[in-house]
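Okay, structure first, notes after.
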Amino acid sequence: MVQLLDKARFPIGMGTWHMGDSPAKWKQEIEALRYGLEHGIEVIDTAEMYGEGNAECLIGEAIQGINREDILLISKFYPNHAAEPDLGHALKQSLKRLGTDYLDMYLLHWRGSIPLQQTISDLEKYVEQGIIRSWGVSNFDMADIQEMWKLEGGKHGAANQVLYNIASRGIEYDLLPLQRSRSLPTIAYSPIAQGDTRGDAVTENPVVQEIAERHGATVFQIMLAWTIRQGDVVSIPQSSNVKHIQENIEAASISFSEEDIRLLDQVFPAPIRKMPLDII
Ligand SMILES: NC(=O)c1ccc[n+]([C@@H]2O[C@H](COP(=O)([O-])OP(=O)(O)OC[C@H]3O[C@@H](n4cnc5c(N)ncnc54)[C@H](OP(=O)(O)O)[C@@H]3O)[C@@H](O)[C@H]2O)c1
């Protein structure tokens with residue numbers, strides 16, 4: 001695995017958007033996260049935004065009793081918290097909810113109006129103090145990444161988290177190659193297109209269905225495996241369901257033949273021109 005998460009040996013993590021919001025689902029969601037951690041998943045992705053802290057509280061409970069060094073915790077801060085003193089306050093609150101004294105990675109959730117240099121300089125202080133092991137960004141397109149790299153400390157950015165799935169391949173045209181060329185890791189969010197509810201009907205596509213059948217996999221597993229097919233993307237599907245987490249773990253073992261990839265490219269083609277960064 002690339003330097004994201006130098007330590008990450010497993011390319012699939014767990015997203016947590018919309019988790020922790022329903023008291024009725026709390027126990028099931030704790031079980032789902034714990035199942036993942038006990039079966040090889042290391043990365044958990046969250047944000048102060050998710051349920052305004054509910055997801056972080058859920059994770060805090062789920063990781064109790066698990067060796068902290070075995071988990072790679074990523075959280076994200078709002079753009080309007082992207083400079084001191086708000087940044088430090090947001091970080092402290094996230095740590096408190098998560099019940100930990102450090103984050104493995106802290107991401108700017110999306111770009112706002114606070115100058116990026118200010119954000120980077122403030123984040124670097126927390127890295128020096130060991131309160132965050134690394135920092136990164138999210139929803140940054142080419143121009144943002146290029147600007148970041150020109151700023152003091154900007155090359156320390158440790159990942160860009162962006163939307164990436166088989167029905168949304170725009171980043172393959174320019175952003176992904178750029179990040180690859182400079183070893184900036186990519187974290188793929190919404191890797192299964194939010195359960196394929198985005199209107200792309202990937203799971204209903206006969207080619208995807210046929211490939212799934214050939215691999216003895218579900219269409220969702222095929223979607224997930226596709227995002228990590230090149231070995232240098234970490235994908236963070238969200239699931240509140242133990243069975244789905246189990247399937248997502250198994251998806252890491254699917255390897256596609258050249259023919260599979262060719263067929264998938266035919267029905268969900270790679271971009272041939274610059275596309276605006278897909279964001280949700
Ligand atoms: N940086 C950003 O701006 C940003 C934006 C969006 C998301 N994210 C992060 O990325 C994570 C993932 O993205 P996402 O939540 O938007 O969408 P996603 O992971 O593509 O899809 C989540 C949906 O897929 C279902 N699902 C998961 N595994 C499945 C399986 N094996 N079979 C069938 N259904 C399955 C889940 O339902 P069940 O619970 O029933 O399994 C859930 O409804 C988020 O949770 C969040 O951590 C970041």
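Note that the structure is predicted; figures quoted are calculated from it, not measured. Just so you know, ligand 1 is whichever comes first in the structure, and atom 1 is the first atom listed for that ligand. We use all heavy atoms of the structure for the numbers below, so side chains are in, but hydrogens, waters and symmetry mates are not.
Residues Gln238 and Tyr50 have side chains not in contact (no heavy-atom distance under 4.5 Å, counting atoms from C-beta outward). The closest side-chain heavy-atom distance from Leu108 to Phe77 is below 4.5 Å.
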Quiz: residues 206-213 side-chain donor-acceptor pairs under 3.5 angstrom, not counting sequence neighbours:
from   : atom 1 : to     : atom 2 : distance (Å)
Gln209 : NE2    : Thr203 : O      : 3.0
Glu210 : OE2    : Arg214 : NH2    : 3.3

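With sequence neighbours excluded, the residues satisfying side-chain contact (heavy atoms from CB on, under 4.5 Å) with Asn67 are Glu69, Asp70. Among residues two or more places apart in sequence or in another chain, the side-chain contact (heavy atoms from CB on, under 4.5 Å) test is passed with Ser121 by Gln117.
Neither side chain, Thr46 nor Glu56, offers a donor N or O lying under 3.5 Å from an acceptor on the other.
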Enumerate the pairs of nitrogen or oxygen atoms, one from ligand 1 and one from the protein, separated by less than 3.5 angstrom; state names and distance to 0.1 Å.
from     : atom 1 : to     : atom 2 : distance (Å)
ligand 1 : 1 (N)  : Ser138 : OG     : 2.8
ligand 1 : 1 (N)  : Gln161 : OE1    : 2.9
ligand 1 : 3 (O)  : His109 : NE2    : 3.3
ligand 1 : 3 (O)  : Asn139 : ND2    : 2.9
ligand 1 : 8 (N)  : Tyr50  : OH     : 3.3
ligand 1 : 13 (O) : Ser190 : N      : 3.0
ligand 1 : 16 (O) : Ser190 : OG     : 2.8
ligand 1 : 16 (O) : Gln194 : NE2    : 3.0
ligand 1 : 19 (O) : Gln238 : N      : 2.9
ligand 1 : 20 (O) : Pro191 : N      : 3.4
ligand 1 : 20 (O) : Ile192 : N      : 3.0
ligand 1 : 20 (O) : Ala193 : N      : 3.3
ligand 1 : 20 (O) : Gln194 : N      : 2.9
ligand 1 : 21 (O) : Gly195 : N      : 3.3
ligand 1 : 24 (O) : Gly195 : N      : 3.4
ligand 1 : 28 (N) : Asn248 : ND2    : 3.2
ligand 1 : 31 (N) : Glu247 : OE1    : 3.4
ligand 1 : 31 (N) : Asn248 : OD1    : 2.8
ligand 1 : 39 (O) : Ser240 : N      : 2.8
ligand 1 : 41 (O) : Ser239 : OG     : 2.5
ligand 1 : 41 (O) : His244 : ND1    : 2.6
ligand 1 : 45 (O) : Thr16  : N      : 3.2
ligand 1 : 45 (O) : Trp17  : N      : 2.9
ligand 1 : 47 (O) : Thr16  : N      : 3.2
ligand 1 : 47 (O) : Asp45  : OD2    : 2.7

